[in-house]
Colleague: 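Dropping the structure in here first, questions after.
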Amino acid sequence: MIPIYLDMKAFGPYAGQEIVDFRQLGDHKLFLIYGPTGSGKTTILDAMCYALYGSTSGDTTAARPRSA
């Protein structure tokens, strides 16, 4: 599976709308998500898991992800 487009609204530390457009990678198959501690890297992956499966990667008790 190749991610194409991710649109997050009020998800985790992202209070507004954030868009990650993977199409900008072109033919590159490998990419890196990087940034300082607490910048929301895991939140991007959690948003992808939530969009695909209805739960986040570490979601064991919460019914829905919480926004900060």
Side-chain angles (χ1 to χ4, degrees):
M1 179 183 317
I2 298 173
I4 297 171
Y5 186 84
L6 180 63
D7 185 351
M8 298 179 284
K9 295 176 186 162
F11 193 88
Y14 302 110
Q17 180 180 16
E18 297 293 332
I19 297 172
V20 181
D21 189 354
F22 294 99
R23 296 174 291 192
Q24 293 180 355
L25 296 170
D27 291 333
H28 301 286
K29 303 295 182 195
L30 182 65
F31 61 92
L32 175 69
I33 299 172
Y34 72 96
T37 301
S39 62
K41 299 175 300 291
T42 302
T43 303
I44 293 170
L45 300 174
D46 281 344
M48 293 172 73
C49 287
Y50 188 76
L52 291 170
Y53 308 112
S55 65
T56 58
S57 60
D59 191 9
T60 57
T61 58
R64 294 173 41 191
R66 286 175 266 161
S67 181

Colleague: Determine all donor-acceptor pairs shorter than 3.5 Å in which one atom belongs to a side chain in residues 4-13; sequence neighbours excluded.
Modeller:
unit_1, atom_1, unit_2, atom_2, d
D7, OD1, Q17, NE2, 3.0
D7, OD2, Q17, NE2, 3.0

Colleague: Check the surroundings of atom CD1 in I19: do more than 12 heavy atoms from other residues, nucleotides or ligands lie under 6.0 Å from it?
Modeller: yes
Colleague: Checking S39 now: which residues fulfil side-chain contact (heavy atoms from CB on, under 4.5 Å) with it, not counting sequence neighbours?
Modeller: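 Per chain and number, S39 pairs via side-chain contact (heavy atoms from CB on, under 4.5 Å) with P36, K41.
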Colleague: Quick one: pull up OG in S55 and CG in D46 and give me the separation to the nearest 0.5 Å.
Modeller: 9.5 Å
Colleague: For residues 24-31, please give each side-chain donor-acceptor pair under 3.5 Å, one per line with the distance, not counting sequence neighbours.
Modeller:
none

Colleague: Sort and list the pairs that fulfil salt bridge (Lys or Arg N to Asp or Glu O under 4.0 Å) and have at least one residue in residues 13-24, not counting sequence neighbours.
Modeller: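 Those involving residues 13-24 are D21-R23.
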